[in-house]
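Working notes, beginning with the structure itself.
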Amino acid sequence: MKILDFIDTHYRKLSDAKKTSFYFTVCNFLQRGTAFITVPVFTRLLTTEQYGVYSLYLTWFEVFVVITSLKLPYEGLNNGLIRFEEDKDGYVSSIAVLMTVMTLGWAFVYLIFRRWLEPYIGLSPFLMLLMFIEILFNPPLYLWTNRERFDFRYKKPVAVTLLSTVITPVISILSVLYTSYRAEARIIATVAVQGIFGAGIYIHLLKKGKKFFSAKYWKFAIRFNLPLIFYYLSQTVLNQADRIMIQYYTGTGEVAVYSVAYSAATLTLLLVSAINGSYNPWMYKKLKQGSFAEIRKQSSRLCMMLGLIVLFMMIFAPDLIALLATQEYQKAVWVVPPVAGSVFFVFLYMLFANVEMFYGETKWIPAVSILSAGCNILLNAVFIPIFGFLAAGWTTLAGYVLLAFLHYTAMKHGCRKQQVDESVFSAGRLWGLAVCVIACSVLMLLLYQIPAIRYALFAGMLITAIWKRESLKKILNTEL
């Protein structure tokens with residue numbers, strides 16, 4: 001009881017802002033965690049072709065939702081709420097209608113060019129219809145969630161998020177069990193749940209805001225987000241192009257295998273998001289104070305810790321794939337090392353980009369993202385036809401290595417422009433760790449046939465962690 005009283009006392013002292021951040025972080029973990037936990041279920045209920053169709057649907061959804069919504073519920077929302085503070089609800093309701101108009105407009109464009117687009121997209125007209133229905137109601141749901149978050153109201157959004165997180169997999173599993181059209185059933189179940197929640201929220205936004213059209217609000221939202229569309233798309237392409245191109249060159253079966261490998265390897269992205277969410281505010285404070293030595297020390301420690309976690313993921317890839325899927329998916333293990341290594345470079349580029357944003361040197365960010373995405377597409381086009389889906393893991397790694405390097409170059413340029421003479425990061429250490437991660441990605445491919453060496457390597461890591469436990473405690477206990 002004393003522990004519960006202690007927790008309750010400290011919880012009551014938290015500000016609304018901290019409570020909101022905490023609950024939304026927990027929800028994010030639960031959403032991604034639930035998606036990961038259900039992978040073993042659906043890889044056993046669906047054939048590789050069916051699972052590939054579902055994975056391809058998710059991939060194209062990420063692409064189309066950027067085009068149809070311009071990411072209005074995300075980056076640009078806070079700016080609009082601050083600018084039009086006297087009519088926040090009116091701004092939100094008008095933006096909801098704007099997204100509806102854009103979605104219907106793009107749906108009409110798709111219908112016109114359907115016959116030309118179908119071979120490249122790889123989805124049936126029925127699945128594309130479902131996608132546009134989901135796009136109609138998914139962005140308004142996030143629009144409402146982030147609107148509530150802006151004013152530190154977290155109870156209703158958290159309740160809706162948790163409810164949909166629980167209901168979606170349950171309805172999906174039941175739907176899949178009672179039909180032979182299992183890929184379609186999996187998608188229909190998701191669209192139905194998103195549609196019900198989204199439609200209710202959409203009506204709520206319109207009733208509360210009472211503003212369907214505002215030239216001023218629409219003009220501001222489009223002007224703010226439209227210039228960033230290539231940045232948003234390039235980020236999406238860097239994450240999703242591999243599956244689209246695998247489907248185009250080799251078929252949906254290999255999309256399924258690659259998606260399972262990607263799910264396993266990028267599990268550590270949950271950790272990266274959590275670390276960056278806590279580390280970024282701390283780093284901003286230290287940058288403002290000019291405490292570069294502390295930043296260098298802590299960033300090196302965090303990268304070392306993340307590198308070890310990525311290595312751990314590589315070591316146990318065969319075991320993790322065996323847990324997630326059936327024998328049909330076992331060749332996915334060869335994709336895990338490079339994709340897991342990519343996670344390290346995701347964190348690395350986030351470190352550099354955060355410094356760019358702190359100093360307001362953001363003009364290179366879209367160009368860097370577009371160049372990295374273009375490189376990824378080019379490498380996929382060259383190597384997937386030759387080596388199949390296995391090449392996509394290495395092209396993904398190459399894309400993120402380039403992204404991290406370009407952000408580092410842009411950051412150095414920005415720091416010189418801001419007359420920051422001292423190094424923000426220990427470049428030698430960070431790039432040294434980066435080389436080690438790439439080397440481990442290659443080495444693991446040789447060790448997967450020798451389990452004894454893999455497990456011995458893990459034992460060595462465990463012994464080292466115990467030996468260096470004081471250093472690990474310092475990392476974990478650092479006030480972020």
Side-chain angles (χ1 to χ4, degrees), residues 33 36-37 39-40 43 257-272 274-275 298-348 387 389-398 400-401 404 426 428-477:
F36 179 78
I37 290 168
V39 169
T43 52
V257 178
Y258 182 82
S259 295
V260 169
Y262 203 91
S263 296
T266 56
L267 181 62
T268 47
L269 278 175
L270 287 170
L271 181 63
V272 167
I275 292 174
Q298 188 64 10
S299 60
S300 297
R301 285 175 171 175
L302 287 173
C303 285
M304 173 66 79
M305 183 177 73
L306 183 60
L308 291 173
I309 292 170
V310 166
L311 179 57
F312 173 82
M313 181 66 67
M314 294 178 188
I315 290 171
F316 285 97
D319 310 280
L320 189 57
I321 296 297
L323 179 67
L324 287 176
T326 59
Q327 190 63 34
E328 296 172 285
Y329 294 85
Q330 286 311 298
K331 57 183 177 179
V333 70
W334 304 106
V335 181
V336 174
V339 178
S342 301
V343 175
F344 179 85
F345 288 93
V346 168
F347 183 66
L348 210 56
F387 300 105
F389 81 97
L390 297 176
W394 296 99
T395 59
T396 297
L397 178 59
Y400 279 112
V401 170
S426 299
R429 289 183 183 179
L430 297 190
W431 289 115
L433 285 170
V435 171
C436 289
V437 168
I438 295 173
C440 288
S441 299
V442 177
L443 180 63
M444 280 301 131
L445 299 181
L446 304 175
L447 297 182
Y448 282 155
Q449 301 296 333
I450 316 172
I453 296 181
R454 286 195 294 114
Y455 296 135
L457 185 59
F458 170 69
M461 289 173 58
L462 191 61
I463 291 169
T464 303
I466 295 171
W467 179 38
K468 295 287 187 179
R469 61 186 179 277
E470 293 303 321
S471 296
L472 291 174
K473 285 180 182 177
K474 287 180 181 179
I475 297 174
L476 297 173
N477 291 332

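Reckoned from all heavy atoms, side chains included, excluding hydrogens, waters and symmetry mates. In this chain, numbering begins with 1 at the start of the sequence shown.
Under the salt bridge (charged side-chain N to carboxylate O under 4.0 Å, His left out) criterion, the residue pairs touching residues 303-321 are D319-R454, with sequence neighbours excluded. Judged as a salt bridge (charged side-chain N to carboxylate O under 4.0 Å, His left out), the pairs with a partner in residues 324-342 (not counting sequence neighbours) are, in order, E254-K331. Legend: salt bridge (charged side-chain N to carboxylate O under 4.0 Å, His left out) pairs involving residues 436-446, not counting sequence neighbours: none detected.
Going from atom SG of C440 over to atom CG of L447 covers 9.5 Å, rounded to the nearest 0.5 Å. In this structure, OG1 on T395 lies 12.0 Å from CZ on F387, to the nearest 0.5 angstrom. The line from CG of L302 to CG of L433 is 11.5 Å long, rounded to the nearest 0.5 Å. Distance CD1/I315 to CG/L320: 13.0 Å, rounded to 0.5 Å. In this structure, CG in L306 is found 13.5 Å from CZ in F312, a value given to the nearest 0.5 Å. Of the inter-residue distances, the one linking C303 atom SG with R429 atom CZ reads 11.5 Å to the nearest 0.5 angstrom.
Annotation for S342 and Y400: closest pair CB-CD1, 3.8 Å, computed over non-hydrogen atoms. Heavy atoms only, all atoms of each residue included: S300 and L430 are closest at CA-CD2, 4.1 Å. For the residue pair Y448 and V333, the shortest heavy atom distance occurs at CE1-O, 3.7 Å. Scanning all heavy atoms of the two residues, the minimum distance from A434 to F344 falls at CA-CE2, 3.7 Å. Of all heavy-atom pairs between A340 and M314, the closest is CB-CG, 4.2 Å. The nearest pair of heavy atoms linking G341 to V437 is CA-CG1, 3.7 Å.
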_CA sep, side-chain torsions, deciding dist, call: V310, M313, side-chain contact (heavy atoms from CB on, under 4.5 Å)_ = CA-CA 5 Å; V310 166; M313 181 66 67; 5.5 Å; no
*For the pair V260 and I321, evaluate side-chain contact (heavy atoms from CB on, under 4.5 Å) and give the outcome as yes or no after the intermediate values.*
CA-CA 8 Å; V260 169; I321 296 297; 4.1 Å; yes
_Please determine whether side-chain contact (heavy atoms from CB on, under 4.5 Å) holds for the pair L397 and V339, giving the CA-CA distance in whole Å, both sets of side-chain angles, and the decisive distance to 0.1 Å._
CA-CA 6 Å; L397 178 59; V339 178; over 6 Å; no
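For the pair F345 and I438, the minimum side-chain heavy-atom distance is below 4.5 Å.
Between Y258 and F389, the two ring planes are perpendicular [angle over 60°; tilted spans 30° to 60°].
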